[in-house]
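Here the structure is laid out as structure tokens; the discussion comes afterwards.
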Protein chains: 2
Amino acid sequence: MSIEIIFGQQLRKIREENKLSQEELAFRAKLDRTYISLLERGKRRPTLNTIFALTQQLNISAAEMVRLVEEQVLNFHH
Amino acid sequence: MSIEIIFGQQLRKIREENKLSQEELAFRAKLDRTYISLLERGKRRPTLNTIFALTQQLNISAAEMVRLVEEQVLNFHH
DNA sequence: ATATTGTGATGACTATAGTCCGAAAATGAT
DNA sequence: ATCATTTTCGGACTATAGTCATCACAATAT
């Protein structure tokens, strides 16, 4: 499992927990709606700045988000 | 203080603690020598994948790296 | 039936991440 | 001071992050 796929899965999960649509999250994070879709499907690799922009709208710290991704990466890495 | 400036400062600090030259870190992380220089001076914004590639060579987790950046951002944010 | 809302998909586009080469400048030995 | 190592800076380049407009399609509501 690649980093971007796992990031996308976590993003979707957290977004849904926050009961936001892709469009609403995009608006609040000042990003494009279709880009959120691309991210969640693992088609794009977010920059650190983008991770900050997203997590600030999702009641989670950037570090915690990355920790969740890292956890999954290490788990899948065997 | 912008995210990329703070990231650059942290990267340089951690690289020096690991006693690696920019060139050696670049080689190990499969990145370009001059790009490490750009990152450390806050001229580029790394993707999540790049952060993983770098931290794997620096005896630090990606999440901890981001936590350090976040800490600095919040401190400066007033 | 037909709006409405949420998401996926595509293609064309702009902005910027990341590479490559080389030379100048800084740093740090000896 | 000189020499080697490291870093910075330049420009030209390639790859990809992120935008925009639009269509399709499913689910739910009216």
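As the structure is a prediction and not an experimental result, all values here were calculated from the model. Heavy atoms only: backbone and side chains are in, while hydrogens, waters and symmetry mates are out.
Looking at the side chain of A/Arg45, the nearest of the listed nucleotides C/dG6, D/dT19, D/dA17 is D/dA17.
Taking atom CG on B/Asn49 and atom P on D/dA17, their separation rounds to 8 Å, with Å as the unit. Rounded to whole Å, the distance from CG on A/Leu25 to P on D/dT19 is 12 Å. Distance B/Leu39 CG to D/dC9 C1': 15 Å, rounded to the nearest Å. Taking atom CZ on B/Phe7 and atom P on C/dA17, their separation rounds to 12 Å, with Å as the unit. In this structure, A/Leu11 places its CG atom 11 Å from P of C/dT7, rounding to the nearest Å. In this structure, A/Glu23 atom CD and C/dT4 atom P are separated by 14 Å, rounded to whole Å. Whole-Å rounding puts the B/Leu31 CG to C/dC20 C1' distance at 14 Å. Nucleotide D/dA17 holds its C1' atom 12 Å from the CD1 atom of A/Ile51, rounded to whole Å.
For B/Val69 against B/Gln10, the heavy-atom pair with the smallest separation is CG2-CG, 4.3 Å.
Residue-environment remark: CD (A/Glu23) stays at or below the threshold of 12 foreign heavy atoms within 6.0 Å.
Map A/Arg15 and A/Thr47 each onto its nearest nucleotide of DNA chain C; the residue landing nearer the 5' end is A/Arg15.
Side-chain N/O atoms of B/Ser37 and B/Thr34 include no donor and acceptor closer than 3.5 Å.
Between A/Gln57 and A/Leu54, every side-chain heavy-atom pair lies at or beyond the 4.5 Å cut-off. Between A/Phe7 and A/Arg45, the closest side-chain pair of non-hydrogen atoms is not below 4.5 Å.
With B/Asn18 as the fixed residue, the side-chain contact (heavy atoms from CB on, under 4.5 Å) test singles out one of B/Ile60, B/Leu25, B/Leu58: B/Leu58.
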*Quick one: what's the B/S/- string for nucleotides 8-13 of chain C, heavy-atom cutoff under 4.0 Å, read 5' to 3'?*
BB----
